[in-house]
Number of protein chains: 2
Amino acid sequence: MPRAGLTPERVAREAADVADELGFDRLTLAAVAQRLGVRLPSLYKHIDSLDGLRRDVAVLGTVQLTQAITDAAVGRSGEAALHALATAYRDFARGHPGRYAASVRAPDPGDAEHVKAADAALRIVLAVLAGYGLTGEDAIDATRSLRAALHGFVTLEAAGGFGMPRDVDRSFDRFLTSFDTTVRNWSGRTR
Amino acid sequence: MPRAGLTPERVAREAADVADELGFDRLTLAAVAQRLGVRLPSLYKHIDSLDGLRRDVAVLGTVQLTQAITDAAVGRSGEAALHALATAYRDFARGHPGRYAASVRAPDPGDAEHVKAADAALRIVLAVLAGYGLTGEDAIDATRSLRAALHGFVTLEAAGGFGMPRDVDRSFDRFLTSFDTTVRNWSGRTR
DNA sequence: CCGCTCTGGCTAACTCCGTTAGCTTTGCGG
DNA sequence: CCGCAAAGCTAACGGAGTTAGCCAGAGCGG
């Protein structure tokens, strides 16, 4: 029996692919093992458990998502940065639904690597909003609103929750424009 | 062996309770049967399958969520209605996380009862936004933004995704105020 | 070049869950 | 009072995750 040459990274990557194709909740050790041409128990030489593998996918997804939005936002500011970041976020969620779903679960506070990856993503969003002059509590509130809206949007889109015929791209664009206006007046109290 | 007097409704309600307590993804026929004081296969006299039971919980959750936001919004308009609806939405999601998670999955188009429940919820949101003078495509875009933001907010809150110490209630309130402003100027193009 | 060890793969076995088949008994309608 | 549909049961199966223990092969020291 020739060695397959597996590593924890290789297994996590294959698991992420499975999650993308079948859905994160359908990620199964049996499927991963089959794709790697290996019997199921052999995976345990590289992972802790199914839950551990899920965490590995979450970290991988978070890192890649962070990379995507960083690449998009770098070199831009203001609305251009916001638009680029949001588009990259949505594209990632659509292109890698399994990784994306995994990345949403909050990291275990004791899991340094996972926490670090999540923090990096957060920092990018804060940096973009800093370009609007937001800092401190305002920045936190605005970040939460943006993350919530982005997450909700891509989740509902993925779940098919937008039953109406209206083009989703245009709704997304409209939302971004509105959010830009909102955040621009964030501390200005337009009311 | 005395009869337990189960009905499909009774089973669905117990399943919803299990989902609320353990999480929708941990909903298991074994747990439901045990709580009802019945052997697992007996459930099949009242349900189709685990997936069918999940659908039942989804319908129950959607109906109850719709009821909650309807009660909150009725008799109010404008920002008061928006605020009441959003608060009721968030409260429901926090009080019944399992039912809420179930309600997010888009209904099977051929499932009339489920589709009807989902439509009812949507209509309430549209009605509240109609109070801002939004109709047609603007109303659809705004509805999507509101639903996305609400959903994203409660999901991230439930997942513990708001790691920052800042009070979540205040962030939510801030978000609502901003959204009110945004939707008020939706077609006004404040830019 | 030989042998030792460590490691990555394997098989076997167990548990738990969902599902189906078929039996038994209850309780209601005629 | 009798019969029958329905509600509950036991038995059995398959598939998933997990653990234990075996075995071969790659790489290293001598």
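Within every chain, numbering begins at 1; the chains are lettered A, B, ... in the order of the sequence lines, protein sequences first and strands thereafter.
- Dense packing is recorded around CG of B:D119, with more than 12 heavy atoms of other residues, nucleotides or ligands lying under 6.0 Å away.
- Residues meeting the ring-ring contact (aromatic ring centres under 6.0 Å, His included) test with B:Y100, sequence neighbours left out: B:Y89, B:H151.
- At least one side-chain heavy atom of B:L150 sits less than 4.5 Å from a side-chain heavy atom of B:L85.
- The interatomic distance linking A:R39 (CZ) with D:dA16 (P) rounds to 13 Å, in whole Å.
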Please list every donor-acceptor pair under 3.5 Å in which a side-chain atom of residues 20-29 of chain A meets a protein atom from a residue at least two apart or in another chain.
from: A:D20; atom 1: OD1; to: A:G98; atom 2: N; distance (Å): 2.8
from: A:D20; atom 1: OD1; to: A:R99; atom 2: N; distance (Å): 2.9
from: A:D20; atom 1: OD2; to: A:H96; atom 2: ND1; distance (Å): 3.1
from: A:D20; atom 1: OD2; to: A:R99; atom 2: NH1; distance (Å): 2.4
from: A:E21; atom 1: OE1; to: A:R35; atom 2: NH2; distance (Å): 2.3
from: A:E21; atom 1: OE2; to: A:R35; atom 2: NH2; distance (Å): 3.1

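- The interatomic distance linking A:R10 (CZ) with C:dG8 (P) rounds to 16 Å, in whole Å.
- Using a 4.0 Å heavy-atom distance criterion, B:L40 is classed as a base contact.
- Rounded to 10 degrees, the angle separating the terminal helix axes of the helix from C:dC1-D:dG30 to C:dG30-D:dC1, each built from five base pairs, is 0°.
- The CD-P distance, from B:Q34 to C:dG18, rounds to 12 Å in whole Å.
- For B:A30, whose side chain is taken as the heavy atoms from C-beta onward, the closest listed nucleotide among C:dG9, C:dG18, C:dA21 is C:dG18.
- As rounded to whole Å, 20 Å separates atom P of C:dT15 from atom CG of A:L29.
- A ring-centre distance under 6.0 Å is not found for B:F172 and B:F162.
- When distances run from any side-chain atom of B:T28 to the nucleotides D:dT10, C:dG18, C:dG9, the shortest one goes to C:dG18.
- Looking only at distances, no side-chain donor or acceptor of B:R54 sits under 3.5 Å from a matching main-chain atom of B:L50.
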If you look only at distance, which donor and acceptor atoms sit under 3.5 Å apart when one is on a side chain in residues 124-132 of chain B and the other is two or more places apart or in another chain?
from: B:Y132; atom 1: OH; to: B:E79; atom 2: N; distance (Å): 3.3
from: B:Y132; atom 1: OH; to: B:D180; atom 2: OD1; distance (Å): 2.4

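- Legend: residues meeting side-chain contact (heavy atoms from CB on, under 4.5 Å) with A:A120, ordered by chain and number and at least two apart, are A:T66, A:R123.
- At a non-hydrogen distance threshold of 4.0 Å, A:Y44, A:S49, A:L50 from residues 42-60 of chain A come into contact with DNA chain D.
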